[in-house]
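The next block holds one structure in the form of structure tokens; read it before the comments.
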Amino acid sequence: MSYIELSNVSKSYDKQRSVLNGIDVSIEKGEFFVLVGPSGSGKSTLLRLIAGLEEITGGELHMNGKVINHLPPKDRHLSMVFQNYALYPHLTVEQNILFGLNAKKVDKKEQKQRLHKTAEMMGLTELLKRKPRQLSGGQRQRVALARSVVSEAPLCLMDEPLSNLDAKLRAHMRMEIRQLQKKLGLTMVYVTHDQVEAMTMGDRIMVLNDGKVQQVGKPIELYNKPANLFVASFIGSPKMNMGRAVIKGQQLVIEESLFIPVKAADVIDIPKNKRLIAGIRAEHLFKGTSEEKTHVLDVINVEQLGNETMVTFEVGGEFWTAKWLGQQIVHTGDRVPVQLSVEHMSFFDADTGKLIKAASSLKQKEGVAI
Amino acid sequence: MNEAAVSLGSDAAKLIEKAKKQRRTKNLIKGLLFLLPSLVFFSIFLFYPMIRTVYLSFFLTNASGAPTVFVGLDNFAQIFSSPLFLKSLKTTFLFVLYTVPGTIVISLFLAVIANEKLRGIGMFRTIFSSTMGISVAAASVFWMFLFHPTMGWLNQFLSIFGVEAIGWLTDPKWALLSVSISTIWMNIGFTFLILLGGLQSIDSYLYESADIDGAGYFYKLRRITIPMLSPTLFFVVTVTLINAFQTFGQVDMLTRGGPQNETSVIVYSIYRDAFVNYQYGTASAQAVILFVIILGLTLLQFKLGERKVHYQ
């Protein structure tokens, strides 16, 4: 039995506006589980259901094999870090950290011990006497983490804890939270709208959209084999390039402007004459030379990032972006040769959005890597 | 050439200095223009009467209020030796003591229970704040009926339990208490509304975080609600205190200072001296004393209270 299990959990307000629908997922002990989705997808609501801050309107929530739908938050043995940290502005850092222990009437001596251990771990020893408004954003974040660590709850819930920090600090805290979770053996449920955070931190990721689970899996799985169009476009930056496609005879036609020759073996599982969406990752849109090329495309934008170059092309009505290593000399308006092949393409059903066939090249590479 | 540059430099500096000065004068005039309306009104209705009051407190006056003889501090000496004034001073302090804590505690209780998210809570909020829309005169008439010795609901209610009728407004033991009760009732609306506003501006995340930490209701009330509400509480206490010292309407309507001057608070005593006895000099002296008391208490409150207030 898994540590936390949600079976057919749903949430609606006023019995009509449904926010979450039929959520089935299990979270293992010691796992870093990330809930990711765009704003309004219901990910924060799901976290609050697990925390017990909102009532579940349908389905069951199990913890350690027992139903806990009815338990108040304090009996669920968990800690939570809020997006705005929820620090008490009138209390010092020390009082903030000890607030929960005081409420639970933990022995004073033990309080002190835990406080010092936690403060040292989080690098807060110097700041214990300060009020939250005298702290920087990063320090406040650390106090919020310390409050959750000091409770010694086995499960920690985090609701977009890094969204108020600047990019540099965010990258640093990502690492710190990950290390903390591993060190303490916490089970973590982490909500974010940032797919980079999800990819870099999670052991497993659940992608939510419109209150429905889109896909659950390891980060690389989600990247390589997105279950549907939503996951394909949500996971990965820049997003997967997509275009309407159809197979006509020996040719794959994308957006009625790209013609790619296909062998029968490549498209054996793809139905003919069906409306498809073809997708290709930016890093698989290779640069060609005047000798080695499959197509020539119009450049409409170039972004120089120093170590790599993003080149945007127009393909039919869609914009496709290629990610090329190094500093490429390309200008807007150029016609540039590229190499495209079917083996790097994923195919989705244009009507249902479901994945029909993932890029076949990845399987070979995985095999080589192992 | 060097000198030329220096002189040019100092010329430019002078020019900049002059432009700055001009801008400052312009800003000052603009600011004063914006302040002018309130300055004019304050001067006519506040500053002039205040100065005139202090001036009058050193004089004897004729029946129309014109100063006649300068008597220095005699007016003050006279009122402090008058048992009536000393009694009104004592009554005022007792009245403040009855009404201020009562108003705050009851309003806070109502605000806390009206802050729960329940069905139909809006109706209760409206009811609790409704006394704000009732004038002192109307409320006094309403309470006069309640306090009526024979027909009043209060005594009729007590008679159910076999309790003897109480002379709410006629018994010297009860009169001040009765006026205080009606005053608390009148004050609740405003205080409740301000406190509810204060409660609603407390971030709900704080309570959720406390819920997860396992804090009980009263622990949350003591450690989160009261400290976070302290700026609002401080404001409400200050305003209610000043209001209590200035109470006049309900005393005039309900008891006219009686029985046996038991409810003659200081403002009522001023009114009687000035407009019944035509003693404008002593009335002004009392007004000055009231002003000093309120000013002193408010300053004291800021000094002591501000330390315990947590501004966000």
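Chain letters run A, B, ... following the sequence lines, proteins first and then strands; every chain starts at 1. Model, not experiment: these values are computed from the prediction.
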From B/Asp213 atom CG to A/Met80 atom CE, the distance as rounded to the nearest 0.5 Å: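 It comes to 11.5 Å.
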Mind checking the OH-CG spacing from A/Tyr85 to B/Leu206? Nearest 0.5 Å is all I need.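 One finds 14.5 Å between OH of A/Tyr85 and CG of B/Leu206.
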Does [atom1] in [X] sit with more than 12 non-hydrogen atoms of other residues, nucleotides or ligands closer than 6.0 Å?
X: B/Phe124; atom1: CZ; answer: no
X: B/Phe248; atom1: CZ; answer: yes
X: B/Phe34; atom1: CZ; answer: no
X: B/Phe142; atom1: CZ; answer: yes
X: A/Lys182; atom1: NZ; answer: yes
X: A/Tyr13; atom1: OH; answer: yes
X: A/Lys74; atom1: NZ; answer: no

Is it the backbone or the side chain of [X] that comes under 4.5 Å from a heavy atom of chain B, or both, or neither?
X: A/Asn84; result: side chain
X: A/Leu91; result: side chain
X: A/Arg48; result: side chain
X: A/Ser79; result: backbone
X: A/Leu53; result: side chain

Chain A interface, residue from B/Ala210, B/Ala215, B/Ser209, B/Pro227 that has the most non-hydrogen pairs under 4.5 Å: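 It is B/Ser209.
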Taking A/His90 for its side chain and B/Arg223 for its backbone only, find out whether a donor-acceptor pair lies under 3.5 Å.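 Yes, A/His90 side chain to B/Arg223 backbone: donor-acceptor pair under 3.5 Å.
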Where A/Pro73 and B/Asp211 come nearest, the two heavy atoms and their spacing: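 The answer is CB-O, 3.9 Å.
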Would you confirm whether the ring centroid of A/Tyr88 sits within less than 6.0 angstrom of the ring centroid of B/Tyr205?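 Not under 6.0 Å, so no.
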